[in-house]
A.B. asks: 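One structure, as structure tokens, below. Some questions next.
We name chains A, B, ... by the order of the sequence lines, and we start the count at 1 in each one. Given the structure is predicted, the values throughout are model-derived calculations rather than measurements.
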Amino acid sequence: MVDKMEGVIGGVVNSADYSVPIETVYVSNLEERVKIEELKAALHAVFDHYGTILDIIAKISLKRKGQAFIVFDQQRSVLDAVEQMDGFEMYGKAMRVLIAKTPSDETVKRKAPGEFDEHKKRRTISKAQKEAALAKELQAKGPDSTATTATRARPVKTGAAAIPDEYVRPNKVLFLQNIPADVDADTLTAIFERFEGFKEVRLVKIRNVAFAEFEDEQFAITAKENTAGMAIGEEGKSMKVTYQRQ
DNA sequence: AGCACA
């Protein structure tokens with residue numbers, strides 16, 4: 001069993017404080033401009049391959065963005081995912097995939113319900129200690145103590161399939177697919193010129209695709225969020241909107 | 001950079 005609060009005395013909680021295995025993957029260096037729901041869907045699609053995903057936790061707050069916790073139902077999935085997905089490129093960025101430091105609520109609830117209360121208490125304590133330590137540091141030292149962390153740029157995974165359209169890094173040009181034959185450039189222009197920063201639409205009729213260019217990617221991001229899946233043409237076909245491959 | 005679960 002787990003011995004009382006020992007683990008948090010030093011302010012550090014880790015997997016040794018638990019009797020349950022870590023069944024959660026911690027992902028960082030994720031593209032921060034992608035909407036949370038879309039990000040979760042993308043992560044699900046990719047990590048699904050390693051087993052059953054019980055939950056994905058991702059937040060937009062400053063301290064949390066660009067990170068996600070993916071909860072599996074067994075440790076095997078975590079080990080496989082860490083081994084194979086670290087460095088995988090999504091939205092143009094190589095994600096870091098690590099074993100989470102502590103088990104998720106979900107895991108404790110499932111595997112050791114008797115320890116759940118303690119798990120929560122431990123978190124409260126370590127959070128308080130962390131804040132106290134931070135406040136102290138801020139007071140003692142000036143804002144000058146910049147710790148240099150070597151950000152090792154791991155090589156991007158190669159050999160994997162080309163990045164799917166959905167995961168192409170956001171940029172100023174939108175790639176429009178499933179454009180019906182009865183939709184012309186003027187119609188598309190009418191749709192996209194309503195968005196700020198619009199420059200032009202280029203239609204490639206024989207391929208049923210088009211490109212909508214904006215002044216910068218922020219404008220393109222907004223336009224994409226508001227037009228993805230939009231029904232167009234006589235038959236109201238759903239238009240696919242992604243970013244142009246670079 | 002940043003390890004959470006309002």
A.B. asks: Tell me the interatomic distance from A/Lys111, atom NZ, to B/dC5, atom P, rounded to whole angstroms.
C.D. replies: 22 Å
A.B. asks: Tell me: CG of A/Asn29 to C1' of B/dC3, nearest whole Å?
C.D. replies: 15 Å
A.B. asks: Does a side-chain heavy-atom distance below 4.5 Å link A/Lys240 with A/Glu166?
C.D. replies: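 Of all side-chain heavy-atom pairs linking A/Glu166 with A/Lys240, at least one is under 4.5 Å.
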A.B. asks: Measure the distance from CG on A/Leu98 to P on B/dG2 and round it to the nearest whole Å.
C.D. replies: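 After rounding, the reported distance stands at 11 Å.
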A.B. asks: Are A/Tyr243 and A/Phe175 near enough that their ring centres are under 6.0 Å apart?
C.D. replies: no
A.B. asks: Closest nucleotide of DNA chain B for A/Gln67 versus for A/Asp105: which of these residues is on the 5' side?
C.D. replies: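 Comparing both residues, the 5'-ward one is A/Gln67.
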A.B. asks: How long is the line joining CD1 of A/Ile60 and P of B/dA6, in whole Å?
C.D. replies: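 It is 13 Å, rounded to the nearest whole Å.
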A.B. asks: From the list B/dG2, B/dA4, B/dC5, which nucleotide is the closest neighbour of the side chain of A/His119?
C.D. replies: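 Comparing B/dG2, B/dA4, B/dC5 against the side chain of A/His119, the answer is B/dC5.
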A.B. asks: Just the rounded figure in Å: distance from P of B/dG2 to NZ of A/Lys59.
C.D. replies: 19 Å
A.B. asks: Under 4.0 Å between any heavy atoms, over every strand shown, what does A/Ile99 touch: base, sugar-phosphate, or nothing? Just pick one.
C.D. replies: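 Base, at least one base heavy atom under 4.0 Å.
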A.B. asks: A/Tyr26 vs A/Phe69 aromatic rings, parallel, tilted or perpendicular, using cut-offs 30° and 60°?
C.D. replies: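 Aromatic pair A/Tyr26/A/Phe69 classed tilted.
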A.B. asks: Tell me the interatomic distance from A/Glu31, atom CD, to B/dG2, atom P, rounded to whole angstroms.
C.D. replies: 19 Å
A.B. asks: When you check the phosphate oxygens OP1 and OP2 of B/dC5, does a side-chain N or O of A/Lys127 lie under 4.0 Å from one of them?
C.D. replies: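 Indeed, a polar side-chain atom of A/Lys127 lies that close.
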A.B. asks: In whole Å, I'd like the distance from the NZ atom of A/Lys65 to the P atom of B/dC3.
C.D. replies: 16 Å
A.B. asks: It should be established whether A/Arg64 places a side-chain nitrogen or oxygen under 4.0 Å from OP1 or OP2 of nucleotide B/dC5.
C.D. replies: yes
A.B. asks: State whether A/Glu31 and A/Lys93 are salt-bridged, where the test is any N-O pair (Lys NZ or Arg NE/NH1/NH2 against Asp/Glu carboxylate O) under 4.0 Å.
C.D. replies: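 Answer for the salt bridge query: no.
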A.B. asks: Could you check whether A/Asp55 gets within reach of a base, just the sugar-phosphate, or nothing at all, counting any heavy atom under 4.0 Å?
C.D. replies: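 Nothing: the residue A/Asp55, judged by heavy atoms under 4.0 Å, touches no strand.
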A.B. asks: Which whole-number value in Å describes the distance from A/Lys63 NZ to B/dA1 P?
C.D. replies: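 Whole-Å distance recorded here is 13 Å.
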A.B. asks: Check the side chains of A/Asp184 and A/Thr187 for a donor-acceptor pair under 3.5 angstrom, ignoring hydrogens and angles.
C.D. replies: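 Looking only at side-chain atoms, A/Asp184 and A/Thr187 do form a donor-acceptor pair, the distance falling under 3.5 Å.
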A.B. asks: Just checking A/Lys120: base, sugar-phosphate only, or nothing, at a heavy-atom cut-off of under 4.0 Å?
C.D. replies: nothing
